[in-house]
Amino acid sequence: MTHKVNDREYESVRHLPVEGRYEHLIKRAADWSELWSLQSAEGWVVGADESGREFIPVWPHPRYAEASATGAWKGATPAPIEIHEWLETWTPELVTSARLIGVFPVDDGPSAVIDPQAFAADLEGELSLVE
């Protein structure tokens, strides 16, 4: 079951610096055993950074993902990804396809991309604390 995010928490987390949003994402994904991304009729959405490197965007909660369903992602809807499925299936596929992770992108602030193996290591480290 997805945790409720009230308006105050939503706004404060959304406006954290990149590093703070990353830490929040890792902690919440481990706590709630899921990540969220966006799906459209064509499948999972994909973004690209300034260098043209493709990334899969992920968020800790559907409310943040839904807020990012604008522009090229307009009409996409939030969808959960179970944390162990992410680690066992998504991570190897992202490595093979040379795609990165878009860390908690927000429309009005900087976002970061990270290597899927580094992201997985951080998730596993946090999971070891909660499981």
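For clarity, every value in this text was computed on a predicted model and none was experimentally measured.
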Q: Mind running ring-ring contact (aromatic ring centres under 6.0 Å, His included) on Trp73 and Trp44 for me, showing each step along the way?
A: CA-CA 10 Å; Trp73 299 340; Trp44 296 98; over 10 Å; no
Q: Tell me the salt bridge (charged side-chain N to carboxylate O under 4.0 Å, His left out) pairs involving residues 76-100, sequence neighbours left out?
A: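 Qualifying pairs, neighbours excluded: Glu54-Arg99.
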Q: Check Lys27 against Glu126 and note the closest heavy-atom contact, atom names and distance.
A: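 Heavy atoms only, the tightest pair is CG-OE2, 3.8 Å.
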Q: Do you know which two heavy atoms are closest between Ile56 and Ser37, and how far apart they sit?
A: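 Closest heavy-atom pair between Ile56 and Ser37: CG2-OG, 4.0 Å.
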Q: Looking at Ala76 and Leu38, what are the two nearest heavy atoms and their distance?
A: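 Taking Ala76 first and Leu38 second, the nearest heavy atoms are CB-CB, 3.9 Å.
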Q: Please name all residues satisfying side chain to side chain contact (heavy atoms under 4.5 Å, CB included) with Ala48, sequence neighbours left out, ordered by chain then number.
A: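 Expected list: none.
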Q: Check whether Ser68 reaches the backbone of Val106 with its side chain - one donor and one acceptor, N or O, closer than 3.5 Å.
A: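 Side chain of Ser68 to backbone of Val106, a donor-acceptor pair under 3.5 Å: no, none is there.
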Q: Any side chain to side chain donor-acceptor pair (under 3.5 Å) involving residues 113-122? Give me the pairs, sequence neighbours left out, ordered by first then second residue.
A: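 Every pair satisfying side chain to side chain donor-acceptor pair (under 3.5 Å) with a residue in residues 113-122: Tyr22-Asp122.
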Q: Identify, with sequence neighbours excluded, every residue that meets side chain to side chain contact (heavy atoms under 4.5 Å, CB included) alongside Ser12.
A: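 Listed in chain order: nothing, the list is empty.
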Q: Heavy atoms, side chains only, cut-off 4.5 Å: are Pro105 and Trp59 in contact?
A: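 In short, these two side chains touch, coming nearer than 4.5 Å.
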Q: If we only count heavy atoms from C-beta on, is the Leu25 to Trp36 side-chain gap below 4.5 Å?
A: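 Result no, sub-4.5 Å side-chain heavy-atom pair not found.
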Q: Look only at the side chain of Arg28 and the backbone of Pro60, and say whether a donor-acceptor pair between them is shorter than 3.5 Å.
A: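 Checking the backbone N and O of Pro60 against the side chain of Arg28, no donor-acceptor pair under 3.5 Å is found.
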Q: Going by the salt bridge (charged side-chain N to carboxylate O under 4.0 Å, His left out) test, which pairs reach into residues 57-80, not counting sequence neighbours?
A: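 Counting only pairs at least two positions apart or across chains, the salt bridge (charged side-chain N to carboxylate O under 4.0 Å, His left out) contacts touching residues 57-80 are Asp7-Arg63.
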Q: Which word best sums up how the rings of Tyr64 and Tyr10 line up, parallel for under 30°, tilted for 30 to 60°, or perpendicular for over 60°?
A: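 Because their plane-to-plane angle is under 30°, the rings of Tyr64 and Tyr10 count as parallel.
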Q: Specify the closest pair of heavy atoms between Pro116 and Ile101, including all atoms of both residues, with the distance to one decimal.
A: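 Taking Pro116 first and Ile101 second, the nearest heavy atoms are CA-CG1, 3.9 Å.
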Q: Answer yes or no: is there a donor N or O on one side and an acceptor on the other, between the side chain of Ser97 and the main chain of Leu94, under 3.5 Å?
A: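 Yes: the side chain of Ser97 pairs with the backbone of Leu94.
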Q: For a side-chain contact (heavy atoms from CB on, under 4.5 Å) with Phe104, tell me which candidate from Val13, Val58, Val18, Leu16 qualifies.
A: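 Answer after filtering Val13, Val58, Val18, Leu16: Val13.
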Q: Applying salt bridge (charged side-chain N to carboxylate O under 4.0 Å, His left out), can you list everything that pairs with Asp49, at least two apart in sequence or on another chain?
A: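 Counting only residues at least two positions away or on another chain, Asp49 forms a salt bridge (charged side-chain N to carboxylate O under 4.0 Å, His left out) with Arg53.
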Q: Taking Ser40 for its side chain and Gly75 for its backbone only, find out whether a donor-acceptor pair lies under 3.5 Å.
A: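 Side chain of Ser40 to backbone of Gly75, a donor-acceptor pair under 3.5 Å: no, none is there.
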Q: With a 4.5 Å limit on heavy-atom distance, are the side chains of Leu35 and Pro80 in contact?
A: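 No, their side chains stay 4.5 Å or more apart.
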Q: Heavy-atom distance under 4.5 Å between the side chains of Ile26 and Leu123, does that happen here?
A: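 Yes, their side chains come closer than 4.5 Å.
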Q: Is there a side-chain contact between His24 and Glu9, using heavy atoms and a 4.5 Å cut-off?
A: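 Contact flag for His24/Glu9 side chains = yes.
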Q: Identify the heavy atoms of Val113 and Leu100 that sit nearest to each other, and give their distance.
A: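 Reported closest heavy-atom pair: CG2-CD1, 3.9 Å.
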